[in-house]
Amino acid sequence: MSRSKKDTSVPPTVSQNGEDTVITLSGMYQNYFLDYASYVILERAVPAVEDGLKPVQRRILHAMFEQHDGRYHKVANLIGQTMQYHPHGDAAIGDALVNMGQKDLLIDCQGNWGDYRTGDSAAAARYIEARLTKFALDVAFNPDTTRWQLSYDGRKREPVTLPMKFPLVLAHGVEGIAVGLSTKILPHNFIEIIKASIAALKGRKIDLYPDFPTGGLIDVANYNYGGRGGKVRVRARIREIDKKTLQITEIPYGVYVNDLIDSILKANDKGQIKIKKVIDKTAAEVDIEIELQPGVSPDVTVDALYAFSSCEVNISPNCCVIVDNKPLFTDVNELLRISTENTKDLLRLELEILQHDLEEKLHFASLEKIFIEKRIYRDIEECETWEAVLETIDAGLKKYVTTPQEPGYAKEPKKVKLLREITSDDLARLTEIRIKRISKFNSFKADEEIAKLNEHLAETLHHLAHLTEYAISYFERLLEKYSKGQERKTEIAVFDEIRATEVVANNARLYVDRAGGFIGAGLKKDEFVQDCSDIDDIIVFRRDGVMKIVRIDEKVFVGKDILHIAVWKKNDERTTYNLAYVDGASGRSMVKRFNVTAITRDKEYPVGGDSKGSRIHYLTANPNGESEVVTVTLSPGCTAKIKVFDYDFGELGIKGRDSQGNILTKYPVKNIRQKEVGKSTIGALRLWYDDITGRLNTQERGRLLGEFDTGDMILVLYQDGSYELTDTDVLQRFEPKEILHLGKFHPEQVVNAVHFDGHKGWTMVKRFQIETSKLKERFSYLTDHPKSKLLFASVKPNPRIKYAIRVKGKAMPGEISLGDFMDVKGWKAVGNKLSDALLSSVREIETEIKPSSGTEEPPLQGDLFGTPEPATPAHKGKTPAAKDPAPTADNPAQEDVKKTYKAGDTIEFD
């Protein structure tokens, strides 16, 4: 559209005092935008530090308090009442009300309020009801201590902030996005918040960590106290039902069930995990079952779920609140201290108001007593004016009272000491006393009331003088009254780092065209190398001595004449390459051993000599650093006397990939062939077990299990009376709560067990060696009766136990060495009888310390039963005392049933 030359753009104007003033665009932007930004920050997105509430939340609670009569109110009605204070639509109010109701702290809900786990919305506002909880009434409302302001239309008054006597923002959590800033405070545990407030009042250190209503697990190593730059890792709780099925029972905070399932299916579609199907059984509790494909490890799948789906999420907190109408970035510890001090100030204000009320009541009670007892009311019968009445009463009272302003106030023993001067209002109130009250006045009851008021006032003054102790007792009352059902739901744990390349399912196949120099997953007509994943790195060695590492793709050119190709793992310090090559410059053949732990992807490394004409004679990749002996055949035309000889790579040290190596021969080499494979030259693998994460590791976390060579296995004894042999795969996971013993397996190792046989109702002892050889399968060594249970187990050579037998209500103790009690039998044998019933308790004790010849073997590494108790003097296998015979297979003991086993301490059984 064209404009006439006469048309000019007219700048915006505003009328001020009848004159139009031009406002430039820059001025509009500066003023209007800042006004808008300030409004969003202060009135919409960020909570106030005083009560931890956004304005809409505060107005909802205020409207509910005005309507509160102890009964439920329709949410639609509450939304309408709130609209008197909140200048926005009913949808925003309704969403905020439902959000607060789902937190189950301030609002008592009735009806379908939706589900924060599944994302299901609440029913329509006309169908659901709500009222304030008793906790809300106790901590959030007090008109006497509330600061008020007019509502947006001036018709009502609303609180500036509620007098919140609790760190609500830490319990609720909050998230808001404003203009130029945002806030994200994670919810914390109700009980821990109160205990932290008590600790803050006592000047102690505070440690406060998030707790989510969805449960799950959380790693708070980088929480940074909830300040900017912090991060927490949150995981779903996944348990293994059997080798083919996993179950998710708790989900990460902020993740809906459907979104979690979608992320799992998406990872499966990409081939990152291998599952058959996902079944959503969520009802009152989260229940998601995952069926695995045949041959898929459940432990690796759990790690893959954490790595590739929403089963693990990272949350970055950003603690920001409004203080003095300005945003303040802080951390949860400082926020808790501010809230606790605010609570302390509110308690002081309430006590001061109570003190004033008590003083007024005491003051008037004293005046009333004198007015009636001394019959001062009779003196006013002759008075003709109101002023004369007041003067007469005042003169009559002054005969019997003294005030702080009068001289000699403290030394006047006969007069009643008032707390302040007598005012005309006091005198007017006395004239309003009815004749009925005067006629029935009881001086004794009046004295009792005055005494109670004095006692209550003294107590209030004591609380004011000891305000910190009073605040502590206040929080302790909250803890006692409202802590039921508020236990921590999210388990604090230490997560191990999961490398995606180690747990991703093999969703691709690696092929190579050696002559053409191509590798990739799309070369299906060429040579197959191995299964891999689409995020793996591939290491390639060419005949010209060049090594190169590339990311797998459909087709990648890496150079012709490929000699070796495989999947490469970063920081792999055990895979060792044995290399023989001819140096193009000198013509000498060299040998070297090296690792490849870190590289720059797509860069060519001359590991077989950097001279022109260098070529590789021989190369092997050894996953455990194995040495080897090779046969070297020299060229027939060379002048060497010995043209065929053996060389042992075990004589070489492992050096860097850039080292030239040692001279093999200066003569031309015809070929090199492997003669035999040697043992590992880098030593056995040292493994640790971390009983926090339930993982094996090589980073020295937890308890050292020992050194493991090729073929060594791990023995695991479980609380349920089963055992398992497993390999040294660091990707497998164990449940620490289920484990009695985890350590290196020795074929001659003897398992000593005390168990209850449900079939016969006897307590049995059995000793056996591991006879099965199948890995990663649990074998139960108890009888198949449902009441059969394990009472004690140990892999020590001859453990000694102390037990108790309950006879006619009295515990009869006994001791026994299991190795002396019976011989080793088969693992399926029931064992020898120790008692005709279930032992009431059993624990391990130390055997008698004998002079050592220096030849005895120490106890096996990995005993998890704690420090044994010193034993009573041994009796060479005989009965320890005549009155307390030790049981044998022929002399069983009698006892009753007690409680369940607890490793390392006194154990009682059901």
Side-chain angles (χ1 to χ4, degrees), residues 715-724 738-741 749-772 777-845 865 877-881 883-903 905-910:
L715 172 65
V716 186
L717 300 182
Y718 293 96
Q719 293 266 14
D720 63 358
S722 62
Y723 72 85
E724 177 184 20
E738 297 179 1
I739 292 176
L740 286 178
H741 166 84
Q749 202 168 38
V750 176
V751 178
N752 304 272
V754 180
H755 67 99
F756 178 72
D757 181 7
H759 288 292
K760 297 183 179 180
W762 295 348
T763 298
M764 311 294 293
V765 175
K766 67 182 295 182
R767 304 181 69 236
F768 64 94
Q769 291 180 324
I770 305 299
E771 301 173 15
T772 57
E777 183 171 337
R778 288 168 70 159
F779 295 90
S780 176
Y781 50 89
L782 306 183
T783 57
D784 58 0
H785 194 277
K787 292 187 177 180
S788 297
K789 63 171 63 178
L790 180 67
L791 308 182
F792 173 84
S794 174
V795 294
K796 291 185 177 180
N798 186 16
R800 187 172 182 82
I801 62 170
K802 175 184 284 189
Y803 59 89
I805 307 168
R806 192 167 296 279
V807 179
K808 295 181 180 180
K810 183 178 180 182
M812 304 297 291
E815 293 182 12
I816 188 174
S817 295
L818 300 184
D820 298 335
F821 182 73
M822 66 172 294
D823 295 327
V824 176
K825 297 184 179 181
W827 73 278
K828 292 185 178 180
V830 178
N832 292 1
K833 183 169 65 173
L834 178 64
S835 169
D836 284 335
L838 185 63
L839 299 180
S840 60
S841 65
V842 58
R843 62 185 170 196
E844 184 183 8
I845 58 176
F865 295 97
K878 306 298 182 182
T879 55
K883 62 179 180 179
D884 294 325
T888 64
D890 298 323
N891 181 28
Q894 304 289 331
E895 50 77 35
D896 291 332
V897 176
K898 265 300 183 186
K899 247 186 166 180
T900 55
Y901 177 75
K902 183 181 178 184
D905 204 346
T906 300
I907 303 104
E908 298 184 352
F909 304 91
D910 294 327

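If you read the sequence from its start, that first residue is 1, and numbering goes on from there.
- Closest of all the heavy-atom pairs between Asp784 and His759 is OD1-NE2, 2.7 Å.
- Residues Asn832 and Lys825 are in side-chain contact: their nearest non-hydrogen atoms beyond the backbone lie under 4.5 Å apart.
- Distance check: Leu715 CG to Glu724 CD gives 9.5 Å after rounding to the nearest 0.5 Å.
- When side chains are defined from C-beta on, Leu740 counts as touching Leu790, because their heavy atoms get closer than 4.5 Å.
- A heavy-atom distance below 4.5 Å is not found between the side chains of Lys833 and Val830.
- With hydrogens and angles disregarded, a donor-acceptor distance shorter than 3.5 Å links the side chain of Lys766 to the backbone of Ala829.
- When the ring pair (Phe, Tyr, Trp, His ring centres under 6.0 Å) test is applied to Trp762, no partner is found at least two apart in sequence or on another chain.
- For the 3.5 Å distance criterion, the side chains of Asn798 and Ser817 fail to qualify, holding no donor opposite an acceptor.
- From Arg778, atom CZ reaches atom CG of Asp720 across 4.5 Å, with rounding to the nearest 0.5 Å.
- Between Phe768 and Tyr723, the two ring planes are tilted [angle within 30° to 60°].
- Between Ile816 and Leu834 the shortest side-chain heavy-atom distance falls below 4.5 Å.
- In this structure Ser780 satisfies the side-chain contact (heavy atoms from CB on, under 4.5 Å) test together with Ser722, Leu782, sequence neighbours excluded.
- From Phe821, atom CZ reaches atom CZ of Arg767 across 11.5 Å, with rounding to the nearest 0.5 Å.
- Residues Val824 and Gln769 have side chains in contact (heavy-atom distance under 4.5 Å, counting atoms from C-beta outward).
- Minimum heavy-atom separation, His741 to Val795: CE1-CG2, 3.4 Å.
- Proximity of Leu839 to Phe792: side-chain heavy atoms (C-beta onward) are nowhere separated by under 4.5 Å.
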